*Asks:* 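Take this structure first; my questions come after.
Just so we're on the same page: letters track the sequence lines, and every chain starts at 1. Keep in mind that what you see is a predicted model, and the values were worked out from it rather than measured.
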Amino acid sequence: MLKIYNTLTGKKEPFEPLTAGTVKMYVCGVTVYDECHLGHARSALVFEMIRRYLEHSGLSVTFVKNFTDVDDKIINRANELKIPWQAVTARYIDTYYRDMGRLGIQPATVEPKATEHMAEIIALVQVLIQKGVAYQVNSDVYFQVEKYGAYGRLSKRKLDDMQAGARVEVDERKRHPMDFALWKGAKPGEPSWDSPWGKGRPGWHIECSAMSMKHLGETFDIHGGGADLIFPHHENEIAQSCGATGKEFARYWIHNGFVQINQEKMSKSLGNFFTIREIFEKWGYREPVTAEALKYFLLSSHYRSPLNFSDQALLEAKRALDDFYDLFGRLEDSPSAKNSGKISDNDPVRKAAKQLPKAVGEFGEDFRDRMDDDFNTPDAIAMFHKLQTLVNTQLRIGFSDDCIKARDVMRSFGKVLGLFQLPVREWQFQDRAIKLEAEHLIPDSELERLIVERSEAKKRRDFARADEIRQALAAQGITLEDRPDGTTRWKR
RNA sequence: GGCGCCGUACCCAAGUGGCUAAGGGGGCAGUCUGCAAAACUGUUAUGCGGCGGUUCGAACCCGCCCGGCGCCUCCA
């Protein structure tokens with residue numbers, strides 16, 4: 001039974017979709033005024049993992065992820081760049097898809113844009129006015145928070161508490177300082193749409209209410225986003241949506257934790273962020289390799305925890321994956337290789353290897369147990385490591401079919417996490433600086449020639465020459481491994 | 001000021017009432033190897049920020065304290 005931590009209740013709850021067998025989920029996407037940074041990558045990856053796991057569990061998932069493409073920040077950016085605001089949104093929607101593509105993130109089922117839902121937005125604002133929970137001031141429309149009794153439920157705060165310390169601009173036109181804009185009248189030159197209140201544009205939160213209700217219905221299962229959206233964005237979405245329909249809005253609220261740099265939140269305002277593009281460009285590996293290292297890194301801590309990013313942390317992730325791909329590679333190269341001569345029958349290795357079939361057989365169930373516990377990906381990843389060790393242990397004795405079964409299990413369940421999907425030959429093993437040099441210095445044909453020469457040198461016991469070749473290659477980032485069957489493997 | 005989260009080994013990180021506190025990295029010692037590499041084995045927290053309390057029993061619950069972070073303003 002899947003349990004999900006629900007921000008609304010502050011508890012892990014059994015997940016029971018509204019309609020058995022299906023899940024309707026909405027995740028706040030990006031406001032397209034700048035390039036995505038690692039924080040966006042985490043959010044995207046976390047919810048992709050959740051979606052995949054739900055699908056893996058046999059549920060049919062409708063996943064909606066929006067673009068907010070009208071907003072003050074977009075207008076500001078357009079002014080800065082002296083280009084039309086539509087050019088800003090078009091540019092950053094492109095870079096969004098470029099970055100998500102690099103990360104290997106699939107598109108959502110529906111990816112609606114705010115600008116394409118003006119009719120729904122305006123209709124929703126009208127309903128709120130009719131219901132008496134919103135009011136018009138000149139060409140603006142505000143939501144009246146005091147009319148919504150449960151305001152503050154999601155973010156666990158009271159209107160009175162917020163008043164006390166909030167640095168709210170004094171706006172005499174608002175009936176309560178926390179009232180927020182549903183519709184903003186347009187100044188000359190700003191993007192605008194016709195409405196009953198004159199030309200204007202939607203406030204920040206209303207587009208998500210309109211789009212989620214249009215594509216998923218008035219009540220749906222999961223609503224997600226970064227933890228910084230809890231207040232005010234999601235709180236206001238709930239107020240608007242429930243205010244309009246009188247029904248429950250989203251039933252489970254899922255929020256991912258922040259990416260941090262030196263223990264501080266990565267954010268635009270602090271200026272301590274890395275864009276996804278920067279990471280891919282600076283890191284030096286091919287994109288699928290960098291993407292997988294990022295995924296491993298981001299999923300190796302729980303989705304709700306803060307996660308400190310550093311070059312070293314990413315390298316650790318990369319190295320962990322090296323070991324998995326190395327194992328996959330050894331299974332492909334010569335699965336018939338035997339190495340059992342030196343292992344006696346009562347060696348502990350033999351006993352340990354006996355656990356492999358059981359571990360393979362129970363992997364699926366164990367995986368489900370851990371993922372069912374609020375998507376415990378770090379615990380799930382630990383299982384992969386355990387299985388990896390068991391396969392390696394078995395390989396010390398000799399190849400068995402269970403090794404292949406284990407590999408298939410790892411690759412198949414790895415798919416849920418977006419891991420272990422690359423062909424081994426596309427993985428890159430050595431550190432990037434060395435690798436970049438090596439690519440230019442040694443052609444494969446020359447490499448093969450040296451390996452043959454070394455192997456001949458070894459045969460005539462000319463170890464000096466053999467070592468000379470090994471060291472020369474090592475200097476260029478190529479590692480040689482002599483295998484039990486007499487062949488030599490190399491890794492860059 | 002209000003609300004909330006977190007503090008587990010050298011580093012990263014699971015575990016939230018009950019067998020010897022997962023897993024990874026690193027270190028050390030072995031096995032294997034012509035030498036290596038890789039892999040495997042053992043080892044590295046009588047203790048989970050501190051002090052009290054509840055309990056037969058707590059890293060896990062309660063209280064206080066110390067330290068860090070977040071939200072309350074745009075933010076994934």
Side-chain angles (χ1 to χ4, degrees), chain A residues 7 10 12 27-31 33-34 36-47 71-73 76 152 155-158 160-169 178 204 224-233 235 255-260 263-270 273 296-297 300-302 304-308 310 312-313 315-317 319-320 323 326-327 330 339 342-343 347-349 352-353 370 373 376-386 388-389 391-397 458 461 463-464 466-467 470-471 474 479-484 488-491:
Chain A
T7 309
K12 276 187 209 172
V27 171
C28 287
V30 290
T31 300
Y33 73 103
D34 205 349
C36 293
H37 62 223
L38 234 200
H40 299 102
R42 184 180 194 189
S43 188
L45 243 16
V46 161
F47 287 103
D71 181 86
D72 290 357
K73 291 189 294 294
N76 294 340
S155 55
K156 316 264 187 284
R157 58 192 83 195
K158 296 177 184 137
D160 294 344
D161 294 340
M162 286 188 274
Q163 259 181 291
R167 292 176 290 152
V168 180
E169 277 180 41
M178 295 308 292
W204 175 32
D228 43 4
L229 297 181
I230 294 171
F231 191 90
H233 186 56
E235 193 69 64
H255 292 96
N256 65 275
F258 301 127
V259 175
Q260 304 183 320
Q263 321 298 333
E264 266 188 334
K265 179 184 172 182
M266 177 188 284
S267 73
K268 293 276 168 75
S269 33
L270 289 171
F273 60 91
Y296 184 99
F297 163 67
S300 64
S301 78
H302 187 83
R304 280 190 282 116
S305 307
L307 176 58
N308 212 47
S310 67
Q312 196 204 330
L315 254 150
E316 274 191 24
R319 289 201 187 113
D323 290 347
D326 185 75
L327 174 59
R330 275 180 285 131
N339 186 25
K342 299 279 169 59
I343 312 276
D347 193 294
V349 168
R370 290 153 198 244
D373 184 14
N376 195 337
T377 54
D379 210 5
I381 287 173
M383 286 180 53
F384 285 91
H385 282 288
K386 280 184 185 164
Q388 175 193 27
T389 299
V391 175
N392 274 321
T393 304
Q394 174 61 49
L395 283 175
R396 270 180 64 87
I397 299 170
K458 275 173 63 185
R461 303 194 67 80
F463 295 122
D467 286 351
R470 178 199 291 290
Q471 279 157 24
T479 309
L480 299 183
E481 288 178 27
D482 294 333
R483 315 200 65 224
T488 297
R489 273 177 90 228
W490 58 272
K491 290 191 300 188

*Asks:* Under the rule for side chain to side chain contact (heavy atoms under 4.5 Å, CB included), what residues qualify as partners of A:S310, not counting sequence neighbours?
*Replies:*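 Once residues adjacent in sequence are excluded, the partners of A:S310 under the side chain to side chain contact (heavy atoms under 4.5 Å, CB included) criterion are A:Q312, A:A313.
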
*Asks:* Output the rounded distance in Å from CG (A:D467) to C1' (B:C35).
*Replies:*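 Rounded to whole Å, this separation is 5 Å.
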
*Asks:* How would you label the contact of A:R42 with the nucleic acid (heavy atoms, under 4.0 Å): base, sugar-phosphate, or nothing?
*Replies:*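 The answer is nothing, as A:R42 stays clear of every strand by at least 4.0 Å.
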
*Asks:* If you measure from the P atom in B:U46 to the same atom in B:A38, how many Å do you get, rounded?
*Replies:*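 Their P atoms lie roughly 30 Å apart.
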
*Asks:* Are A:F273 and A:L38 side-chain neighbours, meaning at least one heavy-atom pair lies under 4.5 Å?
*Replies:*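 They are not in side-chain contact.
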
*Asks:* Would you measure the distance from the P atom in B:G4 across to the matching atom in B:G42 and give it in whole Å?
*Replies:*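 One P to the other, the span is 46 Å.
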
*Asks:* For each nucleotide in nucleotides 13-29 of chain B, reading 5' to 3', give B when a protein heavy atom comes within less than 4.0 Å of its base, S when such contact involves only the sugar-phosphate, and - otherwise.
*Replies:* SSS------BSBS----

*Asks:* For A:V259, report the nucleic acid contact type (base, sugar-phosphate, nothing); a contact means any heavy atom under 4.0 Å.
*Replies:*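 Touches a base.
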
*Asks:* Looking at every strand, decide which applies to A:G226 at a 4.0 Å heavy-atom threshold: base, sugar-phosphate, or nothing.
*Replies:*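 A:G226: backbone/sugar contact only, no base atoms under 4.0 Å.
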
*Asks:* List the residues meeting salt bridge (Lys or Arg N to Asp or Glu O under 4.0 Å) with A:E264, not counting sequence neighbours, and say none if there are none.
*Replies:*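 In terms of salt bridge (Lys or Arg N to Asp or Glu O under 4.0 Å), with neighbours along the sequence ignored, A:E264 is linked to no residue.
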
*Asks:* Could you tell me whether A:K73 and A:D34 make a salt bridge, using a distance below 4.0 angstrom between a side-chain N and a carboxylate O?
*Replies:*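 So A:K73 does not pair with A:D34 through a salt bridge.
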
*Asks:* Can you tell me how far P of B:C5 sits from CZ of A:R304, to the nearest Å?
*Replies:*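 Taking CZ of A:R304 and P of B:C5, I get 11 Å after rounding.
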
*Asks:* Per the atom types in the model, does the base of B:C35 pair as donor or acceptor with the side chain of A:D482 at under 3.5 Å?
*Replies:*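 Counting by modelled atom types and ignoring angles, a donor-acceptor contact under 3.5 Å is found here.
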
*Asks:* Measuring only the P atom in each nucleotide, how far is B:A14 from B:A22? A whole number of Å is fine.
*Replies:*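 To the nearest whole Å, 15 Å.
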
*Asks:* Measure from the side chain of A:D228, starting at C-beta and using heavy atoms only, and say which of B:A37, B:C72, B:A76 lies closest.
*Replies:*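 Closest of the options to the side chain of A:D228: B:A76.
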
*Asks:* Could you work out, with side chain to side chain contact (heavy atoms under 4.5 Å, CB included) as the rule, every residue matching A:K386, not counting sequence neighbours?
*Replies:*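 Partners of A:K386 under the side chain to side chain contact (heavy atoms under 4.5 Å, CB included) test: none.
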
*Asks:* Taking the P atom in each of B:A21 and B:A45, what is the distance between them to the nearest angstrom?
*Replies:*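 Taking atom P in both B:A21 and B:A45, they lie 12 Å apart.
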
*Asks:* Which ranges of RNA chain B pair up as stems, where a stem means three or more consecutive Watson-Crick or G-U pairs with both distances under 3.5 Å?
*Replies:*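 So far as stems of 3 or more pairs are concerned, RNA chain B shows B:1-7 with B:66-72, B:10-12 with B:23-25, B:26-31 with B:39-44, B:49-53 with B:61-65.
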
*Asks:* Could you check whether any side-chain N or O of A:R370 sits under 3.5 Å from a backbone N or O of A:D379, counting only pairs where one atom can act as donor and the other as acceptor?
*Replies:*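 A pair under 3.5 Å: yes.
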
*Asks:* Round to the nearest Å and state the distance from A:D326 atom CG to B:A38 atom P.
*Replies:*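 From A:D326 CG to B:A38 P: 9 Å.
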
*Asks:* Roughly how far apart, to the nearest Å, are B:C10 and B:C72 at atom C1'?
*Replies:*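 After rounding to an integer number of Å, I get 38 Å for this pair.
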
*Asks:* Using a cut-off of 4.0 Å on non-hydrogen atoms, how would the nucleic acid contact of A:F258 be classed: base, sugar-phosphate, or nothing?
*Replies:*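 Since a base atom lies under 4.0 Å of A:F258, the category is base.
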
*Asks:* Among side-chain atoms of A:D482 and A:T488, is any donor-acceptor pair under 3.5 angstrom?
*Replies:*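 The answer is yes; a qualifying pair exists.
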
*Asks:* Tell me the interatomic distance from A:I230, atom CD1, to B:C5, atom P, rounded to whole angstroms.
*Replies:*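 After rounding, the gap between these two atoms is 11 Å.
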
*Asks:* Using the P atom as the point on both nucleotides, what is the distance between B:C66 and B:C56, in whole Å?
*Replies:*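 Roughly 32 Å separates the two P atoms.
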
*Asks:* How many Å lie between CG on A:D72 and P on B:C74, as a whole number?
*Replies:*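 Atom-to-atom, A:D72 to B:C74, this comes out as 9 Å.
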
*Asks:* Just call it for A:L229: base, sugar-phosphate, or nothing, with non-hydrogen atoms closer than 4.0 Å on any strand.
*Replies:*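 Contact class for A:L229: sugar-phosphate only.
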
*Asks:* Nearest to the A:K73 side chain among B:A76, B:C74, B:C40, which nucleotide is it?
*Replies:*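 Within the option list, the nearest is B:C74.
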
*Asks:* For the backbone of A:F297 and the side chain of A:S300, can you confirm whether one donor and one acceptor N or O come within less than 3.5 Å of each other?
*Replies:*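 Yes, A:S300 side chain to A:F297 backbone: donor-acceptor pair under 3.5 Å.
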
*Asks:* Listed by chain and number, what are the side chain to side chain contact (heavy atoms under 4.5 Å, CB included) partners of A:Q388, not counting sequence neighbours?
*Replies:*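 Scan of A:Q388 (side chain to side chain contact (heavy atoms under 4.5 Å, CB included), adjacent residues dropped) gives A:D323, A:F324, A:L327, A:H385, A:N392.
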
*Asks:* What is the distance from CD of A:Q260 to P of B:G70, rounded to the nearest Å?
*Replies:*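 These atoms are roughly 7 Å apart.
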
*Asks:* Take A:F463 and A:T479, find for each the nucleotide of RNA chain B with the closest heavy atom, and name the residue whose nucleotide sits nearer the 5' end.
*Replies:*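 First, find each residue's nearest nucleotide; the 5'-ward one identifies A:F463.
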
*Asks:* Please classify the nucleic acid contact of A:G257 as base, sugar-phosphate, or nothing, using heavy-atom distances under 4.0 Å.
*Replies:*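 Counting heavy atoms under 4.0 Å across all strands, the contact made by A:G257 includes a base.
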
*Asks:* Decide salt bridge (charged side-chain N to carboxylate O under 4.0 Å, His left out) for A:R489 and A:D326; before the verdict, give the C-alpha distance in whole Å, the side-chain angles of both, and the deciding distance to 0.1 Å.
*Replies:* CA-CA 11 Å; A:R489 273 177 90 228; A:D326 185 75; 3.4 Å; yes

*Asks:* Using the P atoms only, state how far B:U55 lies from B:C62, rounded to an integer number of Å.
*Replies:*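 That atom pair is separated by 16 Å.
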
*Asks:* Under 3.5 Å, is there an N or O donor on one side and an acceptor on the other linking the side chain of A:R470 and the base of B:C35?
*Replies:*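 Check passes, donor-acceptor contact within cut-off.
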
*Asks:* Given atom NZ of A:K458 and atom P of B:C35, what is their separation to the nearest angstrom?
*Replies:*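 To the nearest whole Å, that distance equals 11 Å.
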
*Asks:* What does A:E481 touch in the nucleic acid at a heavy-atom separation under 4.0 angstrom: a base, only the sugar-phosphate, or nothing?
*Replies:*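 Counting heavy atoms under 4.0 Å across all strands, the contact made by A:E481 includes a base.
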
*Asks:* Expressed in angstrom and rounded to an integer, what is the separation of A:R396 atom CZ from B:G30 atom C1'?
*Replies:*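 These atoms are roughly 11 Å apart.
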
*Asks:* Between B:C19 and B:C64, how many Å separate the two C1' atoms, rounded to a whole number?
*Replies:*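 One C1' to the other, the span is 33 Å.
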
*Asks:* Please report the closest heavy-atom contact between A:P378 and A:H302, naming both atoms and the distance.
*Replies:*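 Of all heavy-atom pairs spanning A:P378 and A:H302, the closest is CG-N, 3.4 Å.
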
